[in-house]
Engineer: 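To start, I am sharing the structure in question, which I have written as structure tokens.
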Amino acid sequence: MHAIIIGAGVAGLSLAASLANRSVRVTLLEQESAPGMYASGRNAAIARSYESDPYLSMMVKESILTMYHRNSPQRELIRQTDLWMEPLEYDYQEDSFLEMHSDALKENFRSQTGSVDLPDGSRWKALRLASGGIMDPGAILQDLQESARQGNFTFMPNTKLAGVTIGDTSITAISTDGSYDSGFRLSGDDVLVLATGSWATSPPAGITALPLVPHKRHLFVLRSPHGPISSDFPIYWKENSEFYVRREGPQLIATHGDQTPVACDDYAADASAGERFSEAACHAFPFLADFQLVRHWACLRTFPLDGRPVMGYDPHLANLFWHAGFGGRGMSLAYAIGDYSADLWLAGPRLEDETINPFTPHRFF
Ligand SMILES: Cc1cc2nc3c(=O)[nH]c(=O)nc-3n(C[C@H](O)[C@H](O)[C@H](O)COP(=O)(O)OP(=O)(O)OC[C@H]3O[C@@H](n4cnc5c(N)ncnc54)[C@H](O)[C@@H]3O)c2cc1C
């Protein structure tokens, strides 16, 4: 079989690595010159294992645990950093995960109620997660790509999927712009995979769109008036306002949790975002009031309407597979979603409901 994966973000590369390691031929098309130009390269890189969705909860813990185990002196995928948070919902899977694993690191995944001294001297009562970490997205993308290259893997940069030709119930050809500008016909064992991030919300004509919506979020770099941030600065996260802040070298990265529905290619930062951020920062964590905004950027988090990613075969076209909608958790899920989708991909198209596959695209029809 042959997987033609569109999109070299963390989603596309994770599936490429899993399929290539199971002896599937993989061709990965990417419209940019390198992986990670969009959400996968511009996110906040916080690994958070505490998750209320029961299915994502197990996956994200598995994935973060794998990252810790794949850390090496040559390549640090994740740096342990205590995560202090006020969650809105409870993670009911924590105990099951802890019971399932006999791993030496698993105790770090047990959340503990405690209190922490904030930089202004105030005390904050919150949940502490020792499994928290700051990821290195570039290192993760490289690790996944190298893993894919151990199998039968071809990477085609600067190649954009421009259109598809549809037969009775399958895609018979694709057209591309860029390095391979003529496109190609699909044979009986070819399967097209959409791992196109925010562009998955507006697939080529002929493919029925799923209810996926890109949401714009801004991230801000802040400079402290008191000098460089110390290396033991934790991650603070208030879920009721979606405000989080973490260390980035001598500075901080934070967001006020904005999420504005936008078009799939609207990555422009809003000029007025800084004002709204500063106001929110003073409410969420008053110690940030005298920090200086150094720069900011925007990126898109793509959510299905029910908030759960989409992994599985299309209900209408037999050789189309979806691997998208990873919202605000895609980076943390890097080492779980590839294997999950690879199992489904290899099983082939079938009638599915959420009891068989909670992430099935069939749930929308
Ligand atoms: C501001 C922000 C903060 C975030 N913070 C975190 C965090 O702290 N922790 C966490 O775990 N996650 C975080 N995320 C979420 C995470 O970044 C995403 O879930 C993840 O990166 C999505 O990966 P993806 O591969 O689906 O999409 P993308 O990274 O967008 O990749 C899609 C790729 O498809 C390519 N493509 C699209 N259309 C075509 C086409 N027609 N032909 C060829 N190529 C195409 C694009 O060029 C792109 O490279 C954050 C996201 C944002 C925006």
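Atoms within a ligand are numbered from 1 in the order they appear, just like the ligands themselves.
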Engineer: Please table the atom pairs, donor to acceptor, closer than 3.5 Å between any side-chain atom in residues 258-266 and protein atoms at least two apart or in another chain.
Structural biologist:
unit_1, atom_1, unit_2, atom_2, d
D258, OD1, H218, N, 3.0
D258, OD2, H218, N, 3.3
D258, OD2, H218, ND1, 2.7
Q259, OE1, R301, NH2, 2.7
D266, OD1, K216, NZ, 3.1
D266, OD1, A268, N, 3.4
D266, OD2, K216, NZ, 3.4

Engineer: Can I get a per-line list of side-chain donor-acceptor pairs under 3.5 Å for residues 273-288, giving both atom names and the distance, sequence neighbours left out?
Structural biologist:
unit_1, atom_1, unit_2, atom_2, d
R276, NH1, S272, OG, 3.2
S278, OG, G274, O, 3.0

Engineer: Other than I134, which residues form its hydrophobic cluster under the rule that side-chain heavy atoms must be closer than 4.5 Å?
Structural biologist: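 Via sub-4.5 Å side-chain contacts, I134 links to I46, Y50, L83, M85, Y90, Y92, L127, L129, L219, V221, I235, W237, Y244, I253, V294, W297.
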Engineer: Let me know which protein residues bring a heavy atom to under 4.0 Å of ligand 1; chain then number is fine for ordering.
Structural biologist: I6, G7, A8, G9, V10, A11, L29, E30, Q31, E32, Y38, A39, S40, N43, A44, A45, I46, M135, T159, K160, L161, A195, T196, G197, W199, R217, L219, Y244, C299, L300, R301, F326, G327, G328, R329, G330, M331, S332
Engineer: For the pair F220 and H296, name the ring-plane relationship: parallel under 30°, tilted 30 to 60°, perpendicular over 60°.
Structural biologist: parallel
Engineer: Short question: side chain of S14, backbone of A11 - any donor-acceptor pair under 3.5 Å?
Structural biologist: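 Checked: pair present.
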Engineer: Taking the six-membered ring for Trp, are H362 and Y313 ring centroids under 6.0 Å apart?
Structural biologist: no
